[in-house]
Amino acid sequence: MNILHIDSSALGSHSVSRELSAAVTAELRRSHPDVRVTYRDLAARPLPHWTPLGDAGDPAVREGSAVLEEFLVADFVVIGAPMYNFSIPSTLKAWIDRVAVAGRTFRYGPNGAEGLAGGKQVIIASTRGGFYAAGTPGAAADFQEAYLRQVFGFFGIDAIEFVRAEGLNISPAQKTEALAAAHASIDCDARRAA
Ligand SMILES: Cc1cc2nc3c(=O)[nH]c(=O)nc-3n(C[C@H](O)[C@H](O)[C@H](O)COP(=O)(O)O)c2cc1C
């Protein structure tokens, strides 16, 4: 059993998504004691942008292959994904560009696109300063969760959950409340996954 744990917030120890992704991973460890965890900090060690250049010996190509293999062998993928400018941090986008590989995570056939990486659970620790939940006026501006759902769905992964803390920059009280609710939802999610 493998967990791939990824963080992308640039805020280091002040980051809420890092706190939540660590809590999700800790819960998964509790319910699956034999699990092996691979950790990637995309802010501390950003991946190079994808380019068409490079041969197998190129360090960027080698790292891109390692990133893809880590993803393919993971049973659980836990991602700390803050909203940056209505979408995700560019470091996380650079990771997605390494994982979206035709013939490995998806392919195009006579019936269109087909995901090849099903059978995993993806749990996203989603944080945002404002409110974007379905049914609110901000919902149409959510290119963060909607985008991640699309990407992992494209890879054939239906089991995608969001552990969400939003409205974090509205007020200290809202932040406290959102964090408590997010932590409470992690406990429930871990029990379901066990
Ligand atoms: C560069 C940057 C862009 C941001 N853009 C948005 C945004 O578009 N909408 C929003 O609600 N919050 C935005 N925020 C606020 C963050 O989503 C919020 O502070 C969240 O807690 C960040 O997650 P973290 O604590 O894990 O870093 C932005 C923050 C940063 C640093």
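Excluded from the calculations below are hydrogen atoms, water molecules and symmetry mates; all remaining heavy atoms, backbone and side chain alike, are included. One-based numbering, in listed order, for ligands and for the atoms of each.
A donor and an acceptor atom, one from each side chain of Glu166 and Thr127, are nowhere located under 3.5 Å apart.
At a 4.0 Å cut-off, at least one heavy atom of Tyr132 sits close enough to ligand 1 to count as contact.
Taking CG of Asp75 as the reference point, atom CZ of Arg36 lies at 11.0 Å (rounded to 0.5 Å). Once rounded to the nearest 0.5 Å, the distance linking OG of Ser87 with CG of Leu92 reads 8.5 Å. To the nearest 0.5 Å, atom NZ of residue Lys120 and atom CG of residue Asp158 are 13.0 Å apart. Separating the OG1 atom in Thr91 from the CG atom in Leu47 is a distance of 8.5 Å, to the nearest 0.5 Å. In this structure, OG1 in Thr25 is found 9.0 Å from OH in Tyr39, a value given to the nearest 0.5 Å. For the atom pair CZ of Arg18 and CG of Leu20, the computed distance is 12.5 Å after rounding to the nearest 0.5 Å.
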Can you list the steps and then say if Phe106 with Tyr108 is a ring pair (Phe, Tyr, Trp, His ring centres under 6.0 Å)?
CA-CA 7 Å; Phe106 71 93; Tyr108 286 111; 5.7 Å; yes
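Note on ring orientation: taking the six-membered ring where Trp is involved, the planes of Phe71 and Trp95 are perpendicular (angle over 60°, cut-offs 30° and 60°).
Of the protein's heavy atoms, Thr127 OG1, 2.8 Å lies nearest to atom 23 (O) of ligand 1. Closest to atom 15 (C) of ligand 1 among all protein heavy atoms lies Asn169 ND2, 3.5 Å. Given atom 5 (N) of ligand 1, the protein heavy atom at minimum distance is Asn85 N, 2.8 Å. Closest to atom 2 (C) of ligand 1, if we only count protein heavy atoms, is Tyr84 CD1, 3.6 Å. In terms of protein heavy-atom proximity, atom 27 (O) of ligand 1 is nearest to Ser9 OG, 2.6 Å.
Between Asp58 and Arg62, none of the side-chain N atoms (NZ, or NE/NH1/NH2) sits under 4.0 Å from a carboxylate O, so this pair counts as no salt bridge.
Closest to atom 28 (C) of ligand 1 by heavy atom, among Met83, Glu166, Gln144, is Met83.
Of all atoms in ligand 1, listed by their number and element, those nearer than 4.0 Å to a heavy atom of Phe86 are 7 (C), 8 (O). Close contacts between ligand 1 and Leu168 involve ligand atoms 21 (O) [criterion: under 4.0 Å to a heavy atom]. Residue contact check: Leu11 has heavy atoms under 4.0 Å from atoms 27 (O) of ligand 1. Remark: ligand 1 atoms within the under-4.0 Å shell around heavy atoms of Val16 are 24 (P), 25 (O), 26 (O). Taking every heavy atom of Gly129 and a limit of under 4.0 angstrom, the matching atoms of ligand 1 come to 10 (C), 11 (O), 12 (N), 15 (C), 16 (C), 17 (O), 18 (C). Using a 4.0 Å cut-off to heavy atoms of Ser17, the atoms of ligand 1 that qualify are 24 (P), 26 (O). Of all atoms in ligand 1, numbered sequentially from 1 with element shown, those under 4.0 Å from a heavy atom of Gly130 are 10 (C), 11 (O).
For the pair Ser15 and ligand 1, the shortest N or O to N or O distance falls below 3.5 Å. Checking only distances, His14 never comes within under 3.5 Å of ligand 1, N or O to N or O.
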